[in-house]
Amino acid sequence: MRVLVTVASRHGATREMGAEVAARLREAGHDVDEVEPDDVEHVDPYDAVVMGSAVYVGRLALGLRDLVDRQAGQLRQRPSWLFWSGPVGDPPMPETVPDDVADIARTTGARDVAMFTGRLDRDGLNISERALVALTRADAGDYRDLEAVRTWAGSIATALRAIQQDA
Ligand SMILES: Cc1cc2nc3c(=O)[nH]c(=O)nc-3n(C[C@H](O)[C@H](O)[C@H](O)COP(=O)(O)O)c2cc1C
């Protein structure tokens, strides 16, 4: 199947998670394109879509929200999945789920939504980001679990196989 993996990521951590998803789906035999949300004009060439986004100050990234606004109708007509990366530290904080997650899942009809712990690299932040992060007292570090991401991508591969068999 032709699959779009589109991930909004300011600092690269979430994009790398999207690359893991794409690699796992390619292993399962799918034809996968990785495209930035801002560069997606239409999703109708694709049989399925995996959306991803980092969370900044309690919201999913603008690029993903804009894509969903532009392509809501097309996204609803095909199977889609959503993941987001945010909480950092041990235990991971914050525990709150951004409101956008439920909105986007509802708008697109996403079949599953996954939350993954993220990465916070203070050196890569601009001044205003540093100030915001200082307010939250979040722990810097790479808390990603790429194995968990691959496992989730495996569940998407299983679902796509079932869709192919039903077709
Ligand atoms: C300015 C800023 C604000 C953030 N706000 C949140 C937040 O509200 N909730 C959350 O779970 N993570 C928050 N994070 C953590 C990031 O979303 C997380 O580390 C993510 O993995 C970064 O992904 P990226 O490298 O793709 O940008 C914030 C990070 C930054 C830099």
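The model shown is predicted, which means the values in this text are computed figures rather than measured ones. Counting starts at 1 for both ligands and their atoms, in listed order.
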Exercise. For ligand 1, what is the set of protein residues having any non-hydrogen atom at a distance below 4.0 Å?
Worked result: Ser9, Arg10, His11, Gly12, Ala13, Thr14, Ala54, Val55, Tyr56, Val57, Gly58, Ser85, Gly86, Pro87, Val88, Pro94, Gly118, Arg119, Leu120, Leu125, Glu129, Val133
Exercise. Hey, is Arg65 close enough to Asp103 for a salt bridge, meaning N to O under 4.0 Å?
Worked result: no
Problem set entry | Cationic N near anionic O, under 4.0 Å, Asp100 to Arg59 | yes
For this session: Using the rule that two of Ile, Leu, Val, Met, Phe, Trp, Tyr join whenever any of their side-chain heavy atoms come within less than 4.5 Å, decide whether Leu67 and Trp84 are in one cluster.
Result: yes
Exercise. Is Glu36 salt-bridged to Arg15, cutoff N-O under 4.0 Å?
Worked result: yes
Problem set entry | Pair Arg144 + Glu20, salt bridge at N-O below 4.0 Å | no
Exercise. Think Arg10 forms a cation-pi with Tyr56, using NZ or CZ under 6.0 Å from the six-ring centre and within 45 degrees of its axis?
Worked result: yes
